[in-house]
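Residue numbers count from 1 along this sequence.
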Amino acid sequence: MPISRLLLALPGAVLLVCSSAAEPASANPEPFPTPASKKGLQVEMLDDALALGIKHAALNCNLGQLIEPAPGPGSVRWQSSEGREFTFNAGYLEALDRKIKPLSEARVVVYLILLNYVPQDPAKRTILVHPGYNEGCPNHVAAFNTATAEGIAWLRGTAEFLAARYSRPDAAHGRVWGWIVGNEVQSHWYWYNLGRANVEEVADAYEKAVRIVHDAVRTASQHGRVYLSLDHHWTWRFDPNAPGMTTGGKMLLDEFARIARERGDFDWHLAQHPYSEDLRDPRFWNDLSATDDFDSPRLTYQNLEVLTRYLARPGLLHRGEPRRVILSEQGFNFRADWPTGELVQAAAWCAAWRKVVRLDGIDAFILHRHVDHAQEGGLLLGLWTFKPGTISTPDRQRRMYEPFRLADTPEWERAFAFALPIIGWKSWDEGLRQSSAAGTP
């Protein structure tokens, strides 16, 4: 079984020593599934998602709501592989079960996004939140605490518990196949905060967290996959004028891979977010900062093949094979100030879909969002609008809904035909990397 051992050399100092022995005989040997389609969604309405025919689903899992260091009468108790008891919130688990089980029963591949929103409870905060976390960050999402023995123990124990629950051969609670650690980590100040830090410090802390989750998953599943999370900034940084707050995805990926090889390589994979260069403009085919080379400032749908080529480089391979990629979060904004805003939004999704289905190495294209959200900085990314006066109560389907539903059926070409003149392509077989003028919105 992969083991991470803690050696406490000095008070407060933690050294993570890793081994990579074989998986335990009790781990579920079922191979990672290969669905017939890459179509996926960050699911909010279960019945609607299944009616849309999705084959992949991403769900958030906030560890601060899950763990219960001070257990109550209804807490779920569980003993880790190291013999320590951990306790978890039964209500939160039941809510996860209610989504995961129906999805996996419908043969949807489920991915959990492990997030670390800073809890109010001081005991939880001490356990989960990286000591370098800065209160001044905007989104109050912290790096996992891989700096203390207690933080490491809880992260490992929680990941082992989730993997055991959602890797059972009988799938009593449903099945989870993918484990995404954190969110958009090269923009760490915003989404994985450990204070001001350079790329080496971010990669060091993140590699520890990803390895801990990987080793925990391996106690229950021989072929579950663990993913890094990166946004669309590749050699550029989200905020180049803020030292220690962001880095480029390429730099972080390279440093992560170097550290992982040094400590003993393992089969990590990549969850990429290839938004358009301007999140408010869905016409990615006009992106100027998405170039066809490894030094591209950004990775968007315009140049997504750069990523799969880059992962084929020898230094990033695992056992001679490239890491697998899922597109776990990206959306296409509706511009209310454009007369044909819904048509342009739908056309952008169609163009991205046609590109992704022809790219080897990408397993899933998971749309964000299912329903527009009133508190997403003005972005309107959903397949559904929200009712006025609500935050995300669904109202009506957008123009993008029907192409999404039919994308992986024999009716796709009819459903997509409207998009070609908007994009400026003559056919779907035309070179998908060319930049062409968009129709007037």
Side-chain angles (χ1 to χ4, degrees), residues 39-45 52 58 138-139 183-184 187 190-191 229-234 236 238-239 272-290 297-304 327-356 365-388 390-405 407 416 418-425 432 435-441:
K39 185 168 71 178
L41 186 62
Q42 290 191 356
V43 173
E44 295 174 59
M45 299 182 292
L52 283 163
N139 299 312
N183 181 57
E184 298 188 347
S187 297
Y190 300 88
W191 297 112
S229 175
L230 298 180
D231 67 28
H232 67 316
H233 295 91
W234 186 239
W236 282 2
F238 172 66
D239 189 350
Q272 185 72 28
H273 299 174
Y275 284 98
S276 302
E277 65 180 8
D278 178 353
L279 270 62
R280 300 186 185 280
D281 187 341
R283 300 170 298 177
F284 67 84
W285 49 89
N286 291 333
D287 289 349
L288 298 179
S289 61
R298 290 188 177 95
L299 291 178
T300 78
Y301 285 102
Q302 170 78 316
N303 67 337
L304 193 52
L327 310 178
S328 60
E329 180 202 313
Q330 56 282 306
F332 305 91
N333 186 44
F334 161 65
R335 289 286 296 264
D337 57 333
W338 292 354
T340 56
E342 285 205 20
L343 282 171
V344 176
Q345 178 193 41
W349 188 85
C350 293
W353 173 261
R354 290 306 304 164
K355 183 155 193 175
V356 170
F365 177 5
I366 299 171
L367 182 68
H368 172 85
R369 278 186 176 263
H370 199 160
V371 183
D372 286 343
H373 197 283
Q375 297 175 355
E376 196 160 30
L379 295 174
L380 299 170
L381 308 173
L383 291 168
W384 289 76
T385 67
F386 63 85
K387 289 182 179 179
T390 73
I391 293 176
S392 61
T393 301
D395 188 13
R396 65 169 180 85
Q397 298 168 5
R398 286 206 184 278
R399 180 63 178 82
M400 183 169 51
Y401 187 95
E402 197 65 1
F404 183 96
R405 185 179 72 85
F416 283 31
F418 77 96
L420 289 171
I422 295 172
I423 303 163
W425 294 341
L432 293 180
S435 293
S436 31
T440 302

Rounded to the nearest 0.5 Å, how far does CG of L380 lie from CZ of F332? 15.0 Å
Give me the atom names and distance for the closest heavy-atom approach of V371 to S392. CG1-O, 3.4 Å
Can you tell me how far the CG atom of N183 sits from the CG atom of L230, to the nearest 0.5 Å? 10.0 Å
Atom pair CD (Q397) and OG1 (T385), whose distance is rounded to the nearest 0.5 Å: 9.5 Å
For a quick test of reading the model, state the closest non-hydrogen atom pair linking S187 to D231 and the distance between them. OG-OD2, 2.7 Å
Shortest non-hydrogen separation from I422 to W285 and the atoms involved: O-CZ2, 4.3 Å
Residue pair I391, F386: steps toward the side-chain contact (heavy atoms from CB on, under 4.5 Å) verdict: CA-CA 7 Å; I391 293 176; F386 63 85; over 6 Å; no
I'd like to know if the side chain of D372 reaches the main chain of G382, judged simply by a donor and an acceptor atom lying under 3.5 Å from each other, with no hydrogens or angles considered. yes
Separation between CG of L304 and CG of L299, rounded to the nearest 0.5 Å: 7.0 Å
Between atom CD of E342 and atom CZ of R399, what is the distance when rounded to the nearest 0.5 Å? 9.0 Å
So, the side chain of N333 versus the backbone of L381: is there a donor-acceptor pair under 3.5 Å, distance only? no
Side chains of D395 and P388: does their closest heavy-atom pair fall under 4.5 Å? yes
Determine, step by step, whether W191 and F238 satisfy the side-chain contact (heavy atoms from CB on, under 4.5 Å) criterion, reporting the C-alpha distance in whole Å, the side-chain angles of both residues, the deciding distance to 0.1 Å, and the verdict. CA-CA 12 Å; W191 297 112; F238 172 66; over 6 Å; no
What do the steps show when you test D278 against R280 for salt bridge (Lys or Arg N to Asp or Glu O under 4.0 Å), and what is the final call? CA-CA 5 Å; D278 178 353; R280 300 186 185 280; 5.4 Å; no
Flag the pair D239 / Y190 as yes when at least one side-chain heavy-atom distance between them is below 4.5 Å, and no otherwise. yes
Heavy-atom pair with the smallest gap, counting every atom of F404 and G40: CZ-O, 3.6 Å
If every non-hydrogen atom of A407 is compared with every non-hydrogen atom of W353, which pair is closest and at what distance? O-NE1, 3.4 Å
Could you tell me whether the side chain of L383 reaches within less than 4.5 Å of the side chain of L41, counting heavy atoms only? yes
Just say parallel, tilted or perpendicular for the rings of W349 and F416, cut-offs at 30° and 60°. perpendicular
If every non-hydrogen atom of P282 is compared with every non-hydrogen atom of S276, which pair is closest and at what distance? O-OG, 3.5 Å
Could you check whether any side-chain N or O of Q42 sits under 3.5 Å from a backbone N or O of L367, counting only pairs where one atom can act as donor and the other as acceptor? no
Can any side-chain N or O of K39 pair as donor or acceptor with the backbone N or O of R405 at less than 3.5 Å? yes
Rounded distance [0.5 Å steps], CG in L279 versus NE2 in H232: 5.0 Å
Under 3.5 Å, is there a donor on one side chain and an acceptor on the other for E44 and H373? no
Any donor-acceptor pair under 3.5 Å linking the side chain of Q330 with the backbone of H368? no
Please check: side-chain N/O of T300 versus main-chain N/O of Y275, any donor-acceptor pairing under 3.5 Å? no
Would you confirm whether E277, through its side chain, and S289, through its main-chain N or O, come within 3.5 Å as a donor-acceptor pair? yes
What I'd like to find out is whether the side chain of R298 reaches to under 4.5 Å of the side chain of D287, using heavy atoms alone. no
Tell me whether T390 contacts the main-chain N or O of K387 through its side chain, where contact means a donor paired with an acceptor under 3.5 Å. yes
